[in-house]
Number of protein chains: 2
Amino acid sequence: MTPPRTGRHDREHIVGVALDLLDRFGLPDLTMRRLATELDVQASALYWHFDSKQDLLAAVSDRILARIPEPSAGLDLLAAARAVRDALLTHRDGAEVVMSSAALRPGPSRAQDVLRSALPGDVDDADLAATAVLQFVLGHTTLVQQRMHGESHGAASTAGALDDRATDAAVFEAGISLISLGADRARSRH
Amino acid sequence: MTPPRTGRHDREHIVGVALDLLDRFGLPDLTMRRLATELDVQASALYWHFDSKQDLLAAVSDRILARIPEPSAGLDLLAAARAVRDALLTHRDGAEVVMSSAALRPGPSRAQDVLRSALPGDVDDADLAATAVLQFVLGHTTLVQQRMHGESHGAASTAGALDDRATDAAVFEAGISLISLGADRARSRH
DNA sequence: ACCTGAACACCGTTCAAGT
DNA sequence: ACCTGAACACCGTTCAAGT
């Protein structure tokens, strides 16, 4: 059943190693040369498997998003938004990776699908709302992860770190709650 | 009144040229070396004026945000959000520049202030809401501008370009409207 | 105070050539 | 089919030295 494995590496495997490198060193240090070294291969070898670094990052983005669970019935917007956020938070700089590839993947992604499923099906503005929620989650999580990066190489006080985490969560809940409330109200006006 | 101009360039001037380069070639091509060439100077000369490229980009970010008008009374949330978005759209890749420096500028920025001023002063969740709105605007505009970049070097159909612009605007209005509705409702519950 | 020149340690990508 | 080796055209940053 598994496809023939003549070469040493296939796309799937390379994406896995890239994800590992991402978690250990962050996006700025995820270079084609480092990835190649990790695979015991020349950098140029990667260009047989991927057209470009963009192409590689798009595959990494897809893998990050694949962690989002299937849209299940009865999921409310807050739960759906949390599922997307948590998938992004699972890997270092996950939001930035997804964002950088989001423009090239125009079709409704897995993320968009879960969010859409948590909104009323009869309102035609629901697609717009789902997109807006996705953009909020991406913006929010990107900024959160960027601050993590800043802290790690020792810029500010470690004292406020727990505070920041709590505030981040509160901002997220506030954002989604307001949109939920707004959607309910828009709906109750028929 | 003007401070002494002994050297050929000061920070203000360099930021202006950087912004011009940004508009003409985009963020990936805004390199220290290109900027130096544009200023008829060696790249190393820039490091007398700025500690690092990050430092330079932070100054560029501040200049982009400086275009946001003062928070005036009676401004509603939609108008305030538009003011922030329009400032970001004024320069190519503006949202990405601001986002990349946002983590290092933790204090309430000019953008946060306008948004905050458009929300009720008596609700203590208003700060959370203002931050959430800012994160939505940044996420939204970053994705919009990334798609512009993708189109420009000729990926997809030019036919749907106008369509995209209209959809982008609709998503933005939908997002802000829903949050406004939600905020009203949260407020009317005392 | 402000800038040059040279160097260091890197990048992404291409392409002929190997197996 | 898959990879090597070498090259091309770049990066950000540091630092002694100049003026």
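In what follows, every chain begins at residue 1, and chains take the letters A, B, ... in the order their sequences are listed.
- The pairing partner recorded for dC11(C) is none, the criterion being a Watson-Crick or G-U wobble arrangement whose two distances lie under 3.5 angstrom.
- In the hydrophobic clustering of ILVMFWY residues, with side-chain heavy atoms under 4.5 Å counting as a link, W48(A) and V41(A) come out apart.
- At distances below 3.5 Å, at least one donor-acceptor pair connects side-chain atoms of Q145(B) with backbone N or O atoms of A95(B).
- Contacts of S44(A) with the nucleic acid, taken as non-hydrogen atoms under 4.0 Å apart, include base atoms.
- With a 4.5 Å cut-off on side-chain heavy atoms, L22(A) and E96(A) do not count as touching.
- The nucleotide whose nearest atom lies closest to any side-chain atom of W48(B) is, among dC2(C), dC11(D), dT13(D), dC2(C).
- If you take CG of D29(B) and C1' of dC11(C), they are 14 Å apart, rounded to a whole angstrom.
- Taking atom P in both dA9(C) and dA9(D), the straight-line distance is 23 Å, to the nearest Å.
- The nearest heavy atom of DNA chain C to L30(A) and to A45(A) marks one nucleotide each, and the one closer to the 5' end goes with L30(A).
- Phosphate contact (OP1/OP2 of dA1(D), side-chain N/O of H49(A), threshold under 4.0 Å): absent.
- Q112(A) and T131(A) form a side-chain donor-acceptor contact under 3.5 Å, judged by distance and modelled atom types alone.
- Using N1 to N3 plus N6-O4 or O6-N4 for Watson-Crick, or N1-O2 and O6-N3 for G-U wobble, each under 3.5 Å, dA16(C) pairs with dT4(D).
- Listed for the T141(B) side chain is a donor-acceptor partner under 3.5 Å among the backbone atoms of V137(B).
- Rounding to whole angstrom units, CG of residue D55(B) and P of dT13(D) are separated by 10 Å.
- Whole-Å rounding puts the Y47(B) OH to dC15(D) P distance at 13 Å.
- We find that CG of L35(A) is positioned 15 Å from C1' of dC3(D), with the value rounded to whole Å.
- Comparing dT4(D), dT4(C), dC11(D) by their nearest atom to the side chain of Q42(B) picks out dT4(C).
- Following rounding to the nearest Å, L46(A) (CG) and dC2(D) (P) show an atom-to-atom distance of 14 Å.
- For L39(A) and dT4(D), the CG to P distance is 10 Å, given to the nearest whole Å.
- The M32(B) side chain lies nearest to dG12(D) when the options are dC15(D), dG12(D), dC11(C).
- Atom pair K53(B):NZ and dT13(D):C1' shows a separation of 12 Å (rounding to whole Å applied).
- Straight-line distance from the NE2 atom of H13(A) to the C1' atom of dC2(D): 15 Å, rounded to whole Å.
- The residue among R33(A) and A43(A) whose nearest nucleotide of DNA chain D is located toward the 5' end is A43(A).
- The side chain of V41(A) sits closest to dC3(D) out of dT14(D), dC3(D), dC3(C).
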